[in-house]
Amino acid sequence: MISVSGVRGVVGDGLRPEVALHFAQAYGSEFGPGRIVVGRDSRVTGEMIKYAVWSGLTSVGCDVVDIGMAPTPTTALVTERKENSGGIIITASHNPKEWNALKLLAPDGLFLNSDQGARIRERVEKQEYDYSSWDQVGRIKPFETAIEDHIKAVANLELVHVAQIRRRQFKIVVDCCNGAGGTILPQLFEYLGCNVIFLNLEPSGYFPRSPEPIPENLTELCDAVTKHGAHLGIAVDPDVDRLALVDENGKTMGEEYTLSLATAFVLSKKSGAVVVNASTSQVIDDIARQHNAAVHRTAVGEIHVAAKARDINAVMAGEGNGGVIYPDLHYGRDAMAGIALILQYLAEAQSRISSLHQRLPQYTMIKDKITLPFTVNARAIVKKLIEMHKNDHIDLTDGLKILHDKAWVHIRASNTEPIIRIIAEATSREQTHQLIENLRIEANQLV
Ligand code: MG
């Protein structure tokens, strides 16, 4: 499956090395010649894909900056350095272990925008590659300090006071799901003086559970937090750009509250705007209102949020699924930045994480979907729904979002699959459920 940000598939059934080779040749031809950073998560197939990517990039005259196994935000940070011309990340993020993918970065370290993505796709379709002569092919250049540099950058953030965090000697249980978190989190937490019990630390790529850090996948973490009497539980996805929290009672907070807590902390310190996607919790609006901050909403997708945050110089940004973007560090979802902000918040507030959570407005969000037959056009259905609701209070940033008092429902066609996503949020579970059901019935009548 090809999308704006790259190509993904099941290895052995679609994602073959020649696919990675072609995309790397196209990418290197478009952004090269120069130094292209290549990082990967812990997937079993990562090494196989890596050599295809290396081969493709060097064949069109690019040098490969090899940072080895690393989180997605770490690769992005190295990519944005002046001496580098681009970056490719080999990861399928929160997808199951048999999947892999190429996530393509622009030279500035953000993901490709739609024009850049279209140019890469066009090159692949036309096989338009700028092959080098034998004496101009690229070299592989190891780069050893990516992880260390990332930790230093987090520790040097203006709002993060390492000594203050260290004094609290937080006891934390951390679930890495055998992903790339294992390459950075032990050093990060050691630096922050935390006493950490790790679950699934080995970056083996054999994920012991479904790797998306959503509440139903975090039961082992919840149990361990209670068993060890920890202050906090933390889960990250395999490429460490999403972060989920469990409170000291072993209860998951729901991934929406990661960004909400980080935003509450940042807005208490800095004034400025916040950028989130159309599906992110209205807790963000409530927090922003308290601080007189503007909230800008974009279409779903990290690049939309990141680009808007950079354009308007936002102080905070992100996606409600646990994707914290802290612009002071960079314009990418970064669990390390999220961890540092949350620990600083805890250290300063001198209260439990559950109390910080309970201080925020509480809503119920339900995320649902309708799977369509391949012959049905999801976008056409959403278009008809927009027409049907044109007299309601609606927002058309991405698909259709119907706004009510303290409640909303958002319906959009998936960019990658033949499904329609329906997400709703309200003050009660009954109302949230009702909002979803009403729209589901309408959509089904149009199929
Ligand atoms: Mg991810």
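Whatever order the structure lists ligands and atoms in, that order sets their numbers, starting from 1. Model, not experiment: these values are computed from the prediction. Values reported hereafter were calculated over all heavy atoms of this structure, with side chains retained and with hydrogens, waters and symmetry mates removed.
Both the sub-6.0 Å distance and the 45° axial angle are not jointly satisfied by Arg123 relative to the ring of Phe23.
Asp286 meets the salt bridge (charged side-chain N to carboxylate O under 4.0 Å, His left out) test with Arg289, Lys406; sequence neighbours excluded.
Side-chain rings of Phe31 and Tyr27 approach one another, their centers coming within less than 6.0 Å.
Using a cut-off of 4.0 Å between Lys/Arg side-chain N and Asp/Glu carboxylate O, Arg242 and Glu319 are scored as not salt-bridged.
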Evaluation steps, side chain to side chain donor-acceptor pair (under 3.5 Å), between Asn277 and Ser279: CA-CA 6 Å; Asn277 72 29; Ser279 283; 4.7 Å; no
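Not one N or O on the side chain of Lys171 forms a donor-acceptor pair closer than 3.5 Å with the backbone of Gly229.
Protein N/O/S atoms closer to the Mg ion (ligand 1) than 2.8 Å number 4 in this structure.
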